[in-house]
Structures are given as C-alpha cells and as structure tokens.
2 protein chains.
Amino acid sequence: MTTTAQDATGDARRQELFRGTVLAASRLDGQLLAAAGELARPAGLTAAWWQVLDAVLPGPLPVAGIARAMGVSRQSVQRVADLLVSHGWAAYCTNPAHRRAKLLAPTAEGRAAVARIGPGQAAFAARLSAAMGGEAELAAALGALRRLSAALEAVHAADTGKPLEPGA
Amino acid sequence: MTTTAQDATGDARRQELFRGTVLAASRLDGQLLAAAGELARPAGLTAAWWQVLDAVLPGPLPVAGIARAMGVSRQSVQRVADLLVSHGWAAYCTNPAHRRAKLLAPTAEGRAAVARIGPGQAAFAARLSAAMGGEAELAAALGALRRLSAALEAVHAADTGKPLEPGA
DNA sequence: GTTTCATTGACAGTATCCTGTCATTGGGAC
DNA sequence: GTCCCAATGACAGGATACTGTCAATGAAAC
C-alpha cells in the first residue's frame, strides 16, 4: 500500500482525483440521462424505457439478461419491462430454454418508436461530436469511461472476489 | 446539419457512439456511487450525504448553492441537508445576506465523520489509480469526463439558450 | 432418481432524485 | 416608495433503482 507518512501528499492528490471523478461522473450521467430523455420523449418513451427497448432490438432477451447487459439490477429492468409490455411497446415470448424466464421482445410499435428517435439522436450525436472537437475525441472519451469502469470493476473484484454488478 | 443521405453511415456511427456513452456513463456512475457508499458506510454516511457534507467543508453554503455546485436539484440537496442536520452531522446557520436561505455548515461530528472516511478513500483512490495504470491516466479520464460534461452543456445551451442544470 | 444449487421472477421496503406548485424573501425597475 | 421579478425554501407527487426475501424453475452433482 502507498499509505505511508511520506506519501501523504500523494494520498491527498489521489483523494481529490477520486472525489472529482465521483462528482464528474454523477453530473455526466445526469446530463446524458436528461439528454436521452428529451430525445426519447417525442416518441412517448423515457430514457430508461429506451435503454431497455434498445437492448432487445437485436434479439429477445430475458429480463435478467438485459439487467446483466446494462449493469443494473433485475428488478429495475423488470419494472420497466412490465411497463413497456403494458404500453404495447414490447411483449413477452415463451422461452424454450426456461419456462419462467420469458423473453422480452419489441413489438412493431416498439421498433417504430425507437426508429422515430433515430433522426433526433443522430442530430444530437453529431452536435455532441462537434462540441467535443470531433468523432475521435468523442470516441476517446467513451474509451476513458470504459477504462474507468473496468478499473473500478478490477479493484472491486480484488477486494471481494465478486463482480460489482448490483443485485448479483 | 450532417444528416444527409450521403452521411447515413456517419450518423449511424455517431448514434452508436452516443448510445455507448449513455450506457457507459450510467454504469460508471453506478459503480462509483456503490464504491463511495462502501467507503462512507463505516462512518455512518451514505454516498449522497458524504457529497453534501463534503461540499460545505470549505465553508458554509445555502442549500441552493450546494445544489448548483453539484449540478442537482435544490430539493435533493434540501432533503439530504435536513437529514444531515437531524443526525447532527451538520447545522443551519443564519445567513446575514438572506433571512430564509440559511447556511449549511458541518458540525464537529460531521467533520470527524468525513475525516474517518479519509484513509479508506485514500487507499481506494490509490488502488483505482493503479488499476488505471497510473495517476496520469486517472487524471486523463477525469479530464475526459469533464470535457464530455462541458460539451453536453454547450450543446444544450445552443439548443435552448438555457443552462442544463436541473431545477434551474 | 434424488438432492443440491444457481437462476429467475415476484413482492415489499427504502433511497435518491426529479417536476410542479406555492408562499416568502430580497433586490432592482419604475 | 411601490411594484415586479428572481431566488429560496416547503410541500406534494412521481420516476428510477437498490436491497432483502421468497417461491418456482432448470441444471448439475451424487
């Protein structure tokens, strides 16, 4: 460990770095959630609904599988999935591999709703890319996000030997 | 706008970039919140409480001011601030400049609680820094977070002419 | 075939944060 | 001095997500 008397200033510097990261990530998530919400609203969706619906566009998935893919708890996805189904955006299909774990699949209306978001999303993504100074910079920022996630995952795994995923 | 027929693949690429960013930011925020929560728990604090308490360590601030500094709504901070006061971690002081807008200040117990988190935070920050490959890499990632936030802010401001802060 | 365990869904409870609305306060416009 | 507006706090309501717990299901161990 580096927590020696000689390294007190290093500790303080890293603490500040960590606190700044927590703050920045919280702010960024809030901003992106708000932006996604505004993009999805004209289609009658919320940001969370969009995320779940988008996750099953490539193919049907069980609720728990969606949760794993998104890194959130099963219950959160379950709630949104039930809402999507009750609104007709998605439907549960029988799962040949598991009787209880029904597969969530988008309906035609669901696909149409996501498609309606497309143009606005493309325009916003283009503006964001431009504001970042180019696609390369945006891609680099995304890479940084993922490296941070991976590092956190690694640290947590080293601590507990368990993955960080909630509800796991 | 770049949304021409010729740039359809560019649109798709940027859309994917944007979706990936939303997903990664959400995941990262969740991970950092969980990590901060674990660090704060031994001191009897939650991640949200810690954030608010930490914001007033340098000096007393009104609730609305804390909210602005954190980029969240006044109501969220108000709720946490009331809880902090009711638990004795912080106290409201009279504000000479505004009778209603009392200033939130940490109590001695509050400062002690934050201080108790310090060592764990330093150790975790050191491990995170190591997992990122060094402090420089961690600092670079933080820079990327902030650039993304600033770009989102700029795009939103260009859209509405208003800052993105919630509850504003 | 039976037992055991992990996965999944369902439900209750809680934490966090947002929007909308209203009265109070303070400062600037007139 | 009066009026209007922005900022603030208080309150109600809703959205999102996590933990804990339980029963049902499927698969693996024996």
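Reminder, nothing fancy here: chain letters follow the sequence lines and each chain counts from 1. Keep in mind that the numbers below use all heavy atoms, side chains included, and drop hydrogens, waters and symmetry copies.
OP1 or OP2 of D:dT8 has at least one side-chain nitrogen or oxygen of B:R68 nearer than 4.0 Å. For the OP1/OP2 pair of C:dT16 and a distance below 4.0 Å, the side-chain nitrogens and oxygens of B:R79 include at least one atom meeting the criterion. Contact between the side-chain N/O atoms of B:S76 and the OP1/OP2 oxygens of C:dC18 is found at a separation under 4.0 Å. Listed pair B:W49 / C:dT16 meets the phosphate criterion, a side-chain N or O lying under 4.0 Å from OP1 or OP2. For D:dA15, the OP1/OP2 oxygens have no side-chain nitrogen or oxygen of A:T46 closer than 4.0 Å.
With C:dC17, D:dT16, D:dA17 as the candidates, the nucleotide lying closest to the side chain of B:S73 is C:dC17. Here the nucleotide nearest the side chain of A:H98, chosen from C:dG20, D:dG26, C:dT25, is D:dG26. Comparing C:dG9, C:dG26, C:dC18 by their closest approach to the side chain of A:P62 singles out C:dG9. When distances are taken from the side chain of A:A64 to each of D:dT25, C:dG9, D:dT19, the shortest belongs to C:dG9.
When only modelled atom types and interatomic distance are considered, B:R14 and A:Q121 share no side-chain donor-acceptor pair under 3.5 Å.
Residues B:L103 and A:A47 both approach DNA chain D. Their nearest nucleotides, taken by heavy-atom distance, put B:L103 toward the 5′ side. Checking A:A48 against A:N95, the closest nucleotide of DNA chain D that is more toward the 5' end is the one next to A:A48. Each of A:S26 and A:Q78 has a nearest nucleotide on DNA chain C; the 5'-most of these lies closest to A:Q78.
Evaluation of the ring-ring contact (aromatic ring centres under 6.0 Å, His included) test over residues 135-155 of chain A, restricted to residues two or more places apart or in two chains, returns none.
Within the 3.5 Å criterion, the main-chain N or O of A:W89 finds a donor-acceptor partner in the side chain of A:T107. Listed for the A:D11 side chain is no donor-acceptor partner under 3.5 Å among the backbone atoms of B:A122.
Looking at heavy-atom distances under 4.0 Å, A:R99 makes contact with sugar-phosphate atoms alone, never a base.
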